[in-house]
Amino acid sequence: MAMLQVTDLKVNYGVIPALKGISFEVGEGEVIALIGANGAGKTTTLHTLTGLIQAASGKIEFEGKDITRVPAHKIVTMGMAHVPEGRHVFPDMTVYQNLMLGAFTRRDRAEIDANLEMVYSHFPRLKEREKQVAGTLSGGEQQMLAMGRALMSNPKIILMDEPSMGLSPIYVNEIFDIIGKVSSEGVTVLLVEQNAKKALTIADRAYVLETGTISTSGRAADLLHDDAIRKAYLGE
Amino acid sequence: MVTLIENLINGLSMGSIYAIIAIGYTMVYGIAKMLNFAHGDIIMVGSYAAFILISTMGLPVPAGILASVVICLCLGILIEKIAYKPLRNAGSPLAVLITAIGVSYFLQNGAMLVFGSNTKSFTSVIPAQIQTLQIGPFQVKGIAVVSILTSLVLVGILQVFINRTRPGQAMLACSQDRAAASLMGISVNNTITLTFAIGSAMAAIAGVLMCSYSPALTPTTGAMPGIKAFTAAVFGGIGSIPGAMVGGLVLGIIEQLSKYYISQQVSDAIVFGVLIVILLVKPTGLFGKVIQEKV
Ligand SMILES: Nc1ncnc2c1ncn2[C@@H]1O[C@H](COP(=O)(O)OP(=O)(O)O)[C@@H](O)[C@H]1O
Ligand SMILES: [Mg+2]
């Protein structure tokens with residue numbers, strides 16, 4: 001069975017359906033892209049996976065356990081980390097304090113320190129700015145911090161919501177390089193992106209979300225050459 | 001000159017009591033994002049508890065204070081669980097505000113029912129030998145010194161707690177971004193409960209100090225100090241602990257000086273007048289931040 005298995009997931013905001021019964025799976029070690037237009041339901045999907053929103057029906061299984069009703073604060077200890085859309089760093093805390101909050105549920109000091117070194121090796125800029133207050137970082141640096149903070153929980157799977165949003169091209173490349181590195185270290189990745197081209201280049205497989213339903217799925221390399229996808233999402 | 005300094009010390013000590021209350025107000029606001037208008041009435045409950053335990057039942061003072069702290073702490077948790085938590089995701093801040101006002105009346109009327117509406121005379125917790133102290137040329141009330149010291153110690157403990165412990169960091173995280181905090185594995189519900197517990201425990205201490213200052217204890221004893229502490233919290237920038245501290249102290253001093261030099265009757269009007277002026281000049285309060293979105 002896949003590491004993450006989502007079956008017929010339905011989510012509503014009040015009476016308005018946002019997800020109309022989606023199913024997908026993420027295998028261990030894979031990089032999965034979830035692409036789709038603005039408002040398709042990508043963020044809603046990730047929020048529901050980590051318990052920030054309750055599903056109306058359907059099932060979410062992680063490593064064989066039903067986590068559909070598990071509250072958000074218990075998800076991270078199971079090995080699932082979420083880098084939310086818009087970064088959501090703690091603005092009045094330093095970079096270091098933000099990273100330490102990423103390790104909030106962990107107790108082993110030596111392991112946390114080793115993890116911190118790993119994060120700093122991925123993001124040397126965070127180390128340079130260790131004592132800087134997060135609210136004063138640039139958008140790209142905040143994105144790095146949000147990713148680093150998620151990695152501090154030593155996750156098995158990391159969910160990323162539009163990590164390239166609003167960033168300059170240099171930062172976008174850097175962020176995607178790091179996603180590749182994180183994946184090569186064995187962390188499973190579920191990547192939500194509007195930058196479909198970049199996402200499909202890095203992903204193994206992809207799902208296309210269209211107003212609350214999955215319209216297409218397949219190998220990322222194939223989708224990259226699919227005419228309909230190219231037209232709708234790659235602007236070609 | 002001597003009277004001025006004595007007045008300043010008195011103002012400072014009333015101010016440190018306001019500060020203790022205001023910190024509870026501001027912490028609850030910062031973390032639960034609600035104005036707990038029943039906060040002042042917790043002070044009253046704490047004072048009655050201390051009064052009954054110490055004056056009527058004859059418990060030693062430290063034990064009586066400790067017990068009243070525990071009672072208020074439990075009451076704070078209970079109020080949060082029963083009255084506020086069910087409304088947390090109701091989406092209307094107004095519903096919570098109105099509930100808080102309801103809780104305030106409930107506590108006042110409950111106290112009237114249990115203790116009657118006649119004024120009780122609270123016995124000061126300060127030993128008779130140090131009721132008044134002569135420090136150099138200044139004559140100072142013992143309770144003034146005790147109040148100032150107590151508030152300093154409480155603020156010190158709170159600072160260490162917030163900056164050095166895991167629950168403290170969880171409180172900070174929740175005050176800045178609840179959703180992100182829960183993604184870190186922090187239970188927002190537990191953190192809010194803890195905040196109410198701490199705020200209410202501090203209110204109990206404030207109640208004991210206040211009634212040792214002016215012993216008249218009635219079911220509405222907590223109302224005015226509650227409003228003043230709220231004012232102090234807004235003055236300092238609601239949500240900010242240093243702001244609440246400074247706000248409380250400044251408010252206490254303004255109140256005392258206007259009582260002594262202008263008029264006993266209009267001192268409250270002056271206090272609130274100064275607040276209005278400050279908020280006109282700086283709407284976010286002394287330490288308040290302009291909330292800005294970063295994209
Ligand atoms: N908090 C909310 N309340 C009501 N509707 C919402 C809320 N959040 C998102 N929606 C709606 O749900 C749909 C999916 O939104 P979202 O998951 O944010 O899309 P995406 O991340 O793909 O841009 C949109 O139509 C959006 O307007
Ligand atoms: Mg989105």
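A, B, ... follow the sequence lines: proteins, then strands. Residue 1 opens every chain.
Around the CG atom of B:L280, the shell of radius 6.0 Å holds more than 12 heavy atoms that belong to other residues, nucleotides or ligands. Heavy atoms from other residues, nucleotides or ligands lying under 6.0 Å from CD of A:E130 number more than 12. Heavy-atom neighbours of A:Y171 OH from other residues, nucleotides or ligands within 6.0 Å: above the threshold of 12. Within a 6.0 Å radius of NZ in A:K59, other residues, nucleotides and ligands contribute 12 heavy atoms or fewer. At most 12 non-hydrogen atoms from other residues, nucleotides or ligands lie less than 6.0 angstrom from OH of B:Y105.
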Just do the side chain to side chain contact (heavy atoms under 4.5 Å, CB included) check on A:M152 and B:M184 with the steps written out, would you? CA-CA 10 Å; A:M152 286 302 293; B:M184 302 300 107; over 6 Å; no

For A:L52 and B:L183: C-alpha separation, side-chain torsions, deciding distance, then whether side chain to side chain contact (heavy atoms under 4.5 Å, CB included) applies. CA-CA 8 Å; A:L52 290 173; B:L183 290 179; 3.9 Å; yes

Side chain to side chain contact (heavy atoms under 4.5 Å, CB included) for B:Q176 and A:D92? Distances and angles first, verdict last. CA-CA 7 Å; B:Q176 292 176 33; A:D92 299 336; 3.5 Å; yes

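Along residues 19-41 of chain B, no residue comes nearer than 4.5 angstrom to chain A, judged on non-hydrogen atoms. Residues of residues 164-175 of chain B lying under 4.5 angstrom from chain A, judged on non-hydrogen atoms, are B:R166, B:Q169, B:A170, B:L172, B:A173 in numerical order.
Among A:Q97, A:M100, A:M165, A:R107, the residue making the largest number of heavy-atom pairs under 4.5 Å with chain B is A:R107. Interface check for chain B: of the options A:K74, A:H47, A:M93, A:M80, the most heavy-atom pairs under 4.5 Å are formed by A:M93.
With rounding to the nearest 0.5 angstrom, the OG1 atom of A:T105 is 9.5 Å from the CD1 atom of B:I186. Rounding to the nearest 0.5 Å places OG of B:S187 at 4.0 Å from NE2 of A:H73.
Between B:D177 and A:F90, the shortest heavy-atom distance links the atoms O-CE2, 3.6 Å.
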